[in-house]
Amino acid sequence: TFDISYADYNNNWFGLIFSQQMLGDAVVFTTGHSHDRVDAALYSYDINGRRTSNVVYDASVVWTEIERTSTNGIRVVYQASLANTPWDSSTTSILFNEAIGSGIDMAYHTSRTTNAYTAALVPVTPAPVVALP
């Protein structure tokens, strides 16, 4: 589950890139490339180069929206199956950079972090299933 808050949201894309070099796996809140025209949501991408054309949608990871609020910016909560992500149950932290665009369509970023962040992962134990008579 990703719970992302972005105070300066102004109908623009934002994303997390899971590498120090800004290449590789990423999740981006966007409508996709201008020719995609999908609903604004969180999508997985593979970043294979420095051009926008090298940012490729990864359809193998489906993110399900749990919550979206737009008071004082935006807060989105999305969930995906761990099996469809680059991580597994032994992952204890994730290194990432953030990038921000000027519009909601995927385009070259207008700002990004220069230092990577690390987020600790908290294991979630599913609630027990109780069968009622």
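Between D58 and the choices V27, N84, D46, the side-chain contact (heavy atoms from CB on, under 4.5 Å) rule is met once, by D46. Of the listed residues (T30, T31, D36), just one forms a side-chain contact (heavy atoms from CB on, under 4.5 Å) with H33, and that residue is D36.
The backbone N or O of Q21 sits less than 3.5 Å from a side-chain atom of S19, completing a donor-acceptor pair. T110 places a side-chain N or O within donor-acceptor distance of the main-chain N or O of I100, the cut-off being under 3.5 Å. Judged purely by atom type and a 3.5 angstrom limit, T85 uses its side chain to pair as donor or acceptor with the backbone of W87.
A single hydrophobic cluster is not seen to contain both L82 and V62; linkage of ILVMFWY side chains at heavy-atom distances under 4.5 Å, directly or through other members, places them apart. Taking hydrophobic clusters as Ile, Leu, Val, Met, Phe, Trp and Tyr residues chained together by side-chain heavy-atom distances below 4.5 Å, V77 does not share a cluster with F29.
Between I104 atom CD1 and D39 atom CG the span is 11.0 Å, to the nearest 0.5 Å. With rounding to the nearest 0.5 angstrom, the CG atom of L16 is 5.5 Å from the CZ atom of F96. Atoms CD1 and CD, on I4 and E98 in that order, are 10.0 Å from each other to the nearest 0.5 Å.
With hydrogens and angles left out, the side-chain atoms of Q79 and T1 include a donor and acceptor closer than 3.5 Å. A donor atom on one side chain and an acceptor atom on the other are found under 3.5 Å apart for N97 and T113.
Minimum heavy-atom separation, Y78 to A41: OH-CA, 3.4 Å. Between D8 and N12, the closest heavy-atom pair is O-OD1, 4.2 Å. Minimum interatomic distance between T52 and A107 (heavy atoms only, all atoms of both residues): OG1-C, 3.8 Å.
Annotation: side chain of F18 is not in contact with side chain of P86 (no heavy-atom distance under 4.5 Å). Under the 4.5 Å side-chain criterion, counting only non-hydrogen atoms from C-beta, I74 is in contact with R68.
Other residues sharing the hydrophobic cluster of V55, ordered by chain and number and joined by side-chain separations under 4.5 Å: W13, I17, M22, L23, V28, V38, Y43, Y45, I47, Y57, M106.
Remark: D88 CG is packed, more than 12 non-hydrogen atoms of other residues, nucleotides or ligands lying under 6.0 Å away.
A salt bridge links E67 with R75: at least one charged nitrogen is closer than 4.0 Å to a carboxylate oxygen.
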For W63 and S44, run side chain to side chain contact (heavy atoms under 4.5 Å, CB included): C-alpha distance rounded to whole Å, both residues' side-chain angles, the deciding distance at 0.1 Å, then the answer. CA-CA 8 Å; W63 290 95; S44 287; 2.8 Å; yes

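F14 and Y6 have their aromatic ring centers within a separation under 6.0 angstrom.
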